[in-house]
Amino acid sequence: MIVNDLAAPSVGHPPATETQPPKLAKKRFLHDAAEHVRDTGHRAFVRKALSGYYASRDVQKARFRDWEHARDAASLAKWSAVNQLDELLPRFVANFEANGGQVHWARDAEEARTIVLDLVRAARAKAIIKSKCMTSEEIHLNAALEAEGYGVVESDLGEFIQQLRGEPPYHFVFPCMHVRRDEISDLFGKHLGTPPTDSPEELTMIARRHMRRLYVDADIGITGANFLVAETGQISITENEGNARLTAALPRVHIAISGIEKVVEHLDDLAVLLPMLATAGAGQPMTCYNTLYAGPRRPGEADGPEEMHLVLLDNSRTAILADPEQRDSLHCIRCGACLNVCPIFKNVGGFTYGTTYQGPIGSVITPHLRGLADWNHLSGASSLCGACTDACPVRIDIAHHLLHNRRNAARTAPNAWERLGHRLFVMVARRPWLFGLGGAVFRRTLPLLKAVRPPLLRDWLASRDLPAAPRQSFRRQWDHRQSQQPAVSREGSA
Amino acid sequence: MSEGAGMSAREVILARIREALRVPAPLPHGLAEESQSQVRQPQQRAAVTTSGAASAGISVAHPSNRLPSLTVLPEEVARPWLPDGGETPAERLRLLIENLGKLRAIVQQVPDLTAASDYLFTIARERDWHRVAWHPHPLVEPLLAGVPCATYRVDAADFDKNALESCDAGITSCEALVAQTGSLLVSSATSGGRALSILPHVHVVVATCDQIVATLADALHAAQARYDGHLPSMLSFITGPSRTGDIERILVLGAHGPKELILILVG
Ligand code: SF4
C-alpha cells in the first residue's frame, strides 16, 4: 500500500565490489553516483523508508533526560577504552579465556579467513548458520567458505535477502532497505517456492519458517560482536530478530568475529552505550536482544555451544589508531545514524560507495583501511553540512575527519593545478586593487565562460549552473547600501 | 617497532597497538578546552572537568600524559542524563508497564502464584497450545500443574533441541525487570539455558514485583552481585517481542524469536 507511487525499479546494476581494481574506485563512484541521483524513484523510496526512523528516533531521544550530555559520557567511555587498548585488550582476552573461550588473532583479512576455515574444518561442519556480522563482510568470509564447499546461510532477514540477491549489504544496519516488497516476494518465490504476497508480515514469516530448521541442524554458528567487555571477558551482541541468539545457542560451535577496537572497560559502560546505540541507530529504547556471552556452555546449563571462538581482527585498525587526530573514528559503534541523515547517502545510495562500511563513517575509515590514494574521492562525498557529526551518539566529528582526509591527501600527493590555483588566489586576495580588477574581469567574462564551458570547469558545470553575473562588485553594493541606510535599520532589525 | 619474523599475530598486533598509542589523542569532545594543555604535561596528575558536566563531577585523572584513567565511570556520569528509571517502587512499576506496553509486550499483574497459574491456563487454552517448555524454578514449576497441554522440561541432563523446537511456548523466570527501558534480563542460569527464551513462538516470563530495578546498570549490578564474578555464560536483555524492519522499514513482530512476550507479574 505504500509503494504504489514508487513503481520505478530499484537500481539493479551490480554494486561495486571490494575486489575491483582500486584505480577504478573513483571512476565507478562518479558513474554510479550520477546514475543513482537520476533515479528519482529509488531516492524517493529510500527517503520514505527512512521517514519512520526519523520520527521514532526523535521520540526515543526525547526520553533521555539529556541526550547531548549522554553523548559526552558515551564518547568518554569509548575514548578511554580506545586510548587504553594496549592494556584493555589483553585484559579482555585473559578474562575471555578464563571463561572458557578461545581467542584467535588475525592481522589481516586473509589470516582471519584462514582461522575460520581451519575451525570449520576441525569441526567437520556440514551446515553453517550466520547472524549479521559486518567484520565477516569486511573479510569476505562467505565467498571463502563457499569456495571450500561449505554452505552458509545468513539468518538476519535483511542479510538473507541480500544473500539470495547476490548483493552485499546496501546499508550496514539496514542491509536491504533499497529492496521493494514485490521484489522480495519474487525472490522468495524463485528460491523458496513460496506464493507471491505483498505483506511484509507474511514475507517475514516465510523467512522465519525457512530458517527454524537451519538453526537446529547447523553445527557452526557465526556471529559478530558489538562490544568486548574487558572486566568480565564477555562479548555483547545487539540484534532485533533473535537470530543471533539462536545462532549462539543451538550449534555445537560458536565463532564470533570482532574488530579489536570494540573493547569497553566496564560492564556498566553498556548501560550507557546500549540504549544510545538503539536510539541513534534505529529509534528504539533498546534493541530487542542485547546479549552478553561469557564462553561456551557451563556445567549445569541446559544448552549452548561446546566451543566458543573469537577472532580478533586488526586489518588496518591499528593504522587508524596510530593517527591521533582520527583515532576517535575507532569509537564508532556502527549504529548507522550518520548514514541515515547523510544527504549524500540518501542520494547516491549505499552501493555507490563500493565499501563494506557505507556513508560518512565509511568514507572516513575506508581510506585508512584500503589506501588514501585510491579512496580519497570518498572524502568529497560530503556536502559539508555536518549532519553526521550531529547524529553520532559517540560524538565522532565525522565531517571534520572527511576534511582531514582531504588535507592528508593533498599533503601526500599534491595536485599541481590545485596548488597553482591556490597560490594565484592568495596573490590576488592579498591585493585589494587586483581583487577588484579580477572581479571586474570575471563579471564581464562570465557569460562567455557559460557559453564556452572550458574543460577545467566542465565537470563542475555538468551538474550546476553558473549564476548570472551581478552588475556591481560586492564592495560597491555594500558601500551603496551603507550610505542609503544609516545605523537605524540595524537597530530596528535587532 | 619492527615486526620481527617469528612474532605471533598476537604479539604483532599488540606491538602495533603500543606503538600507535605512543602519541596521545586529544580529549574527547565535551572535555574543557583549557584543561587539555594540562593533560599534555607529562608526569602531571591533572583533573579535567567537562564543560557541561562539571556539576555532575565528571573528571578524568591522568597519571601520565598518555594513559587516561577515569575517576568516575561513564555510567555514573551519565546516570542523570539517561532515560528515567523511577525513584520509588510505584514509579518503577508504572514505568515498566508503560514501556512494555509500547514495546507490544503483554503484561498481566496477578496477586499470587495461584492466580498466575490460572492465567497461564487461560492463555494456553486461548492460543491452543499443544506443548509448552519450562525449566525447574520456584516461580515456574507451580504454574505448570494445571496447564492444559503437554509439557517439556528443559534440563541440563538431557537437552533435546528438537523437542524444544516443537513447543508452542517457553516459560521462564528472569534475573531482573528494567523500568527504564522495559527490558527483561534473562540468563542461562535462571531461564533454562539459552534457547528456551528464544526458540519457542511465545515467551512467558514469570517474575515478582521486587525484581523490578530502575536502570540497566542496576540490573547488571544485581546479576554481578548474585553470581559474585562467575556470571552465567549468557545474559540477555530482552526488550519486547522479536521484531524486524528489514522489509521497507515496516515493523513486523516475530522475526526469528518469539512473536509474543508475556510477562506475568506476581505481587
Ligand atoms: S560514526 Fe557515529 S553515527 Fe556513524 S555509525 Fe559510527 S557511531 Fe553511528
Side-chain angles (χ1 to χ4, degrees), chain A residues 49 52 63-66 69-70 72-73 75-77 79-80 83-86 105 107 157-158 176 181 184 200-201 203-204 208 216 240-243 245-246 249-250 266-269 271-272 285-286 288-295 297-298 300-304 314 318 321-322 324 327 395, chain B residues 9-10 12-13 16-18 20-21 23 25 28-30 50 52-53 67-68 70 73-75 77-78 80-84 154-156 159 161-162 165 181 183 188 192-195 198 215-217 220 231 233-240 242-244 246-250 252 255-257:
Chain A
R63 290 180 65 252
F64 279 74
R65 283 171 288 181
D66 191 332
H69 277 139
D72 288 343
S75 93
L76 188 65
W79 175 77
S80 90
N83 283 285
Q84 298 183 81
L85 198 58
D86 52 345
W105 300 73
R107 276 163 283 204
L157 177 57
C176 68
R181 65 182 80 175
I184 298 169
E201 161 113 41
L203 290 167
T204 304
R208 178 187 174 95
V216 176
N240 265 317
E241 299 183 357
N243 59 313
R245 287 262 329 252
L246 289 162
L250 297 170
H266 313 99
L267 186 54
D268 278 4
D269 295 344
V272 181
M286 279 279 272
C288 204
Y289 301 101
N290 285 285
T291 311
L292 288 147
Y293 294 101
R297 171 188 181 183
R298 297 271 161 82
E301 291 182 346
D303 56 358
D314 178 353
T318 44
L321 196 69
R327 187 174 294 160
R395 278 206 195 281
Chain B
R10 174 182 200 273
V12 169
I13 293 172
R16 287 179 187 169
I17 292 172
R18 276 191 298 273
L21 288 176
V23 188
H29 184 281
T50 66
L67 270 187
L70 306 182
L73 300 191
E75 188 277 321
V77 168
W81 305 326
L82 297 176
D84 191 13
V154 170
D155 200 304
F159 175 74
K161 50 189 174 183
N162 288 297
E165 202 273 327
T181 54
S183 306
S188 44
R194 299 189 184 192
I198 192 76
T215 63
L216 296 167
L220 290 170
L231 291 167
S233 77
M234 185 203 79
L235 276 171
S236 187
F237 284 110
I238 298 178
T239 311
S242 156
R243 60 197 57 210
T244 184
D246 274 344
I247 300 174
E248 298 184 8
R249 307 291 330 126
I250 294 166
V252 175
H256 296 280

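Because the structure is predicted, anything quoted here is derived from the model rather than measured. In what follows, every chain begins at residue 1, and chains take the letters A, B, ... in the order their sequences are listed. Only this structure's heavy atoms are used, side chains among them; waters, hydrogens and symmetry mates stay out.
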So CD of A:E201 and CD1 of B:I247: to nearest 0.5 Å the spacing works out to 10.0 Å
So NE2 of B:H256 and CG of A:L246: to nearest 0.5 Å the spacing works out to 8.5 Å
Taking all non-hydrogen atoms of both residues into account, name the closest pair between [X] and [Y] and its distance.
X	Y	value
A:Y289	B:G240	OH-O, 4.5 Å
B:L73	A:D268	CD1-OD2, 4.0 Å
A:R65	B:P83	NH2-O, 3.7 Å
A:D303	B:A195	OD2-N, 2.8 Å
A:A73	B:P74	O-CB, 3.7 Å

**chain B contact via A:R327 - which portion, at a heavy-atom distance below 4.5 Å** =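 The answer is the side chain of A:R327.
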If we define contacts as heavy-atom pairs under 4.5 Å, which of [options] has the most with chain B?
options	value
A:G304, A:A70, A:G52, A:C288	A:C288
A:A294, A:G300, A:G295, A:G242	A:A294
A:N240, A:L85, A:V272	A:N240
A:A271, A:A302, A:G158, A:A322	A:A302
A:L203, A:I184, A:N243	A:N243

Among [options], which residue has the highest count of heavy-atom pairs closer than 4.5 Å to chain A?
options	answer
B:T239, B:L231, B:L216	B:T239
B:R243, B:M234, B:R194	B:R194
B:T244, B:N162, B:V154, B:T181	B:T244
B:S183, B:S236, B:S233, B:A255	B:S233

| said: What part of B:D155 gets within 4.5 angstrom of chain A, counting heavy atoms only: side chain, backbone, both, or neither? | reply: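 When you check distances to chain A, only backbone atoms of B:D155 fall under 4.5 Å.
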Turns out that what part of B:T215 lies under 4.5 Å from chain A's heavy atoms comes down to neither
Practice problem: Begin from the C-alpha positions of A:L321 and B:R16 and carry the test side chain to side chain contact (heavy atoms under 4.5 Å, CB included) through to its verdict. | Solution: CA-CA 9 Å; A:L321 196 69; B:R16 287 179 187 169; over 6 Å; no
Any side-chain heavy-atom pair from [X] and [Y] closer than 4.5 angstrom?
X	Y	answer
B:E248	A:P200	no
B:V252	A:R208	no
A:R298	B:S188	no

Are any side-chain N or O atoms of [X] and backbone N or O atoms of [Y], one a donor and one an acceptor, separated by less than 3.5 Å?
X	Y	value
A:T318	B:I17	no
A:R63	B:D84	no
A:D314	B:I13	no

